[in-house]
Amino acid sequence: MRIAEISSQDHHDEPPSPSPSSDLLTKLESITTDIEHHSPESPLPQTLNTTLRHIISQLSPLAPFHNSFNLQIWKLSYRLWNTCVDLSNFARSATSEVTEEHAKLRQVSADLLLIAVDVTGVPSPYFKCASFYYKTGMIWYELSRYDLASSCFEKATDLTAKVEVTSVTDREERRLLLDLNIARARTAWEVMDRNLAVNLLNRCKKVLFGIGENYIALANQYMCFGKSVLSKNDVVGVNEALKLMSEALELCEKGLGSVKKVEETVALKELRLKTLRFMAASHLQRDEFESVLKCVKVLRDGEKGENHPSSSVLAMKAWLGLGRYGEAEKELKGMVVNKGLPESVWVSAMESYLQAVGTSGAETAMGVFLGLLGRCNVSGGAAIRVVQRVVGDCVNGEGARVRVKVVGEFVSNDKVVALFSGEQAAKEQSGMHALLWNCAADHFRSKDYEVSAEMFEKSLLYVPHDLENRSLRAKGFRVLCLCYLGLSQLDRAQEYIDEAAKLEPNIACAFLKFKIYLLNNDHNGAITQVQAMPTCTDFTPEFLSLSAHEAIACRALPVAVDCLSRLLTFFSMGKPMPTTEVIVFRTLITILIQEPKNESEVLKYMKRAQTRFSDLGPERFFGTGEVGRRERNWFALNLWNIGLKSGQEKNYKLCGELFSICAEYYGITVDGEIEGNNLMVCKSLILAVSAMLAGEKLSMNPLLDNEVKEANELLERAGKILMTGSAKTHLVDDQTTTIEPQFYFIYTLSAYTLYTRLDDTESKQLLLIKNYANSKYCNPNHLLQIGLHASEGPRPNIEVVTFCLNTCISSLLSSSSPDYQTVALILRKLITITGFHKSNADNDGDDEDGVYGMYKKAYRIMVGLKAGEYPIEEGKWLAMTAWNRAALPLRLGQVVEAKKWMDMGFQLAGRVAGMDTYKSCMEDFVSGVEKKVQPQGHLIVGS
């Protein structure tokens, strides 16, 4: 209803509305005017809906109003609605969707009309207001806001309920009653309330009014619900779908008995047949094949000779379900006669037939297929489409291999191959080859090499034997070689690759031959094939990298080493390479490390890598940034580990070389580093020299002059790093770690050993040891080892020995808990060395006093110790040796000297547990000696 019609029925005799209502109405009219003038190209203000809602909430409690005021509300509501219509039309013309803001505006218009629904002068106000809510609800439904849509439909239903159904005579109002129930049913269906949805559709039967359109609309809705349930492919759902389809069918029957118009009758009949087809499909899903055939019979009776394509398909599938393949075959052949039968339907039916028959009926299916092909005079293009439909997803599904087998037999049939002969069929021939090739490739990717090989062989039937297709045939032979490699049929693979090489000798053929050699464990043949690869015209270094990966996968490590070694020769040629040189070196060395006794080979390639980064520069070889540093550290760390392993195996010559090269790697600076890892450089140099000296000692062959010179140079480099304090590695938070004391000890010991080859040896060695003793790295145990080492060999340095042992004793005694076992051993060593030195020297009592001083020092150490704290055996040794030293002076008549040593032995014995018997014997012997001594102190001869 237009606004102009309402405005013509104003009642001027009504008193004016209260002031608050008028103000609200004025505001509402102002907003409506603004909306009418709003550009449809711009979005509505976001606050508009809130403002209108606020006005309605204020206006609702003031109702009811006078009729004139109600009419004004109706005018505004219609103006607002008409504006919404204009905005909607513009949105559809601009191919844009209706927004929620637009739906909210329509909702406001309907709610506004509801406030003034009790109006006089407007025909059917309840139905008009219900119409607003229905149309608004449909917009919410389209926006999938089913809660809001349901609310609108329920309000509309309440409004129409105020009018008796029997009193509704207007056709549009009658249709609104039906549409409302259908809309409510659809909304309930969307929110999964199926019971309510079906109940609402059943209510619609009361408002059909014998109108054909209403019957069609309601039947269509039943069928839509049925199709929706049927699409779920659920057993319970199929039962429900059948009920819904039955309702639709019943409505069609009732409608045919009520309607008079021809067009309505035709529409209902078509809908009835359509419903029957869906019912047949429902029965087919439930495996109710007899019911399917009954439906098809009714359909064919109703179609009056115009056989619908789906009827034959449904009948064929039903016969297949009943296991009556002969009847199914008849239906299949009958499809060919049907001119209106789409090709997709025929192909689908054929696929269903082949899938149902299975492997046992493959020959029968093949005969039917070829028979149909012959009767229809199918062209090459049509055959391609049929094969493509039958093959479908040739990898997945239960009947996949059966379908592929059937297709394989079909495409290899002479009749089918003949369809693609001649120049006119060149395009179709290429299409069939591509189809079969793709199917074979799918099976190849799924690792079904047997089927893949069969399909690749069939695809070669569609490749002409001419010069233009020579490369395509060679490609087919190569891929067949791959299939038989996957099947481990190496002889067949060799045959196919030989054929491919005859047609098109290239790097791919050479690589596949190489792979066959690998799988046959013929390493020599594989290496020979690698040597032949660079002679191929299409060779690229990438194939050497690929060959290396294949060799590694086959654990043919010698072959992999040969491939990578040859790959390295191409880096200096400036050709594009598949990877970086450092990665090749790293992979090669990793392979060598996996096998024992390859340390010499590792050293060779490490030296080769050193030459390359010296020529290229560290950044170009290793890379920049953190990547470059990691690569450098990997090489250096592996040299370090292999060097340690060689040292543990006493292969000292190799060990020394490895650590020498390791120092060079750690000394490299990468990407802005100020200096290399001096800590590891220093350690590597020290261990290199130590290994050289250990090898000399083990082999008992002195180092050659050039080797001594090299060792001195390495040790000097290490010494410079140590003395400058640069043997540090910076860690996080400005912390640093310095060289471990044992490395300083090894350095000192190695330097001491090398100094024996120099002039003025003893003074340099003593200075070296004193420097070590004064350093923070000095350790008493290490100093003891140096002292013991200095006391050995053909040229012992007594000064160094004495210094080391005395310093060691001083260090041990200054400890809070001295190790008296070590102290005792050092004292014994000092006494032994001093005594030995005295016996080989031409001096008097100075050295003797020195030995006596050692005993006296030992006695002083023992004073105050608990029993057993000083080693008992060492204490006994001191007491006994001191006593025995009195023997020689006693024989020579040097009583005073002898008395001195006997007193020392007696005093020491008093500090050792378990020497009481010795002490009593000592006392008796001393008393006897004193009686034989004259007052002048001379021993009486002959006594």
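- Between Leu112 and Leu59 there is a side-chain heavy-atom pair separated by less than 4.5 Å.
- Scanning for ring pair (Phe, Tyr, Trp, His ring centres under 6.0 Å) contacts around Tyr222 gives an empty result, with sequence neighbours left out.
- Aromatic ring centres of Tyr146 and Tyr141: separated by under 6.0 Å.
- Side-chain contact annotation: Gln107 with Trp140, donor-acceptor N/O pair under 3.5 Å present.
- Comment: Glu29 engages Arg79 in a salt bridge, judged by a side-chain N to carboxylate O separation of less than 4.0 angstrom.
- Shown here for Leu200 and Ala185, the closest heavy-atom pair between the two residues is CD1-N, 3.5 Å.
- Between Asn181 and Leu201 there is no side-chain heavy-atom pair separated by less than 4.5 Å.
- Looking at residues two or more places apart in sequence or on another chain, you find a side chain to side chain donor-acceptor pair (under 3.5 Å) between Lys254 and Glu250.
- With a 4.5 Å cut-off on side-chain heavy atoms, Arg53 and Val108 count as touching.
- Lys243 has its side chain out of reach of Met245: every pair of non-hydrogen atoms, C-beta onward, lies at least 4.5 Å apart.
- Proximity of Trp81 to Thr136: side-chain heavy atoms (C-beta onward) are separated by under 4.5 Å at one or more points.
- The aromatic rings of Trp189 and Phe225 sit parallel to each other, their planes meeting at less than 30°, with 60° as the upper class boundary.
- Contact of the Asn199 side chain with the Asn195 side chain is not registered, since no non-hydrogen atoms from C-beta on lie closer than 4.5 Å.
- Remark: aromatic rings of Phe132 and Tyr78 are close, center separation under 6.0 Å.
- Within the structure, the side-chain hydrogen bond (donor to acceptor under 3.5 Å, both in side chains) test picks out the following pairs touching residues 152-163 (sequence neighbours left out): Ser150-Glu154.
- Contact check for Val198 versus Glu247: no side-chain heavy atoms found under the 4.5 Å cut-off.
- At a threshold of 4.0 Å, the pair Arg145-Glu190 does not count as salt-bridged, since none of the basic side-chain nitrogens sits closer than that to a carboxylate oxygen.
- Without hydrogens or angle criteria, Lys27 side chain to Ile55 main chain gives no donor-acceptor distance under 3.5 Å.
- Between Arg175 and Glu172 no salt bridge is recorded (no basic side-chain N to carboxylate O distance below 4.0 Å).
- Looking at Arg174 and Val207, their side chains never come closer than 4.5 Å, going by heavy atoms from C-beta outward.
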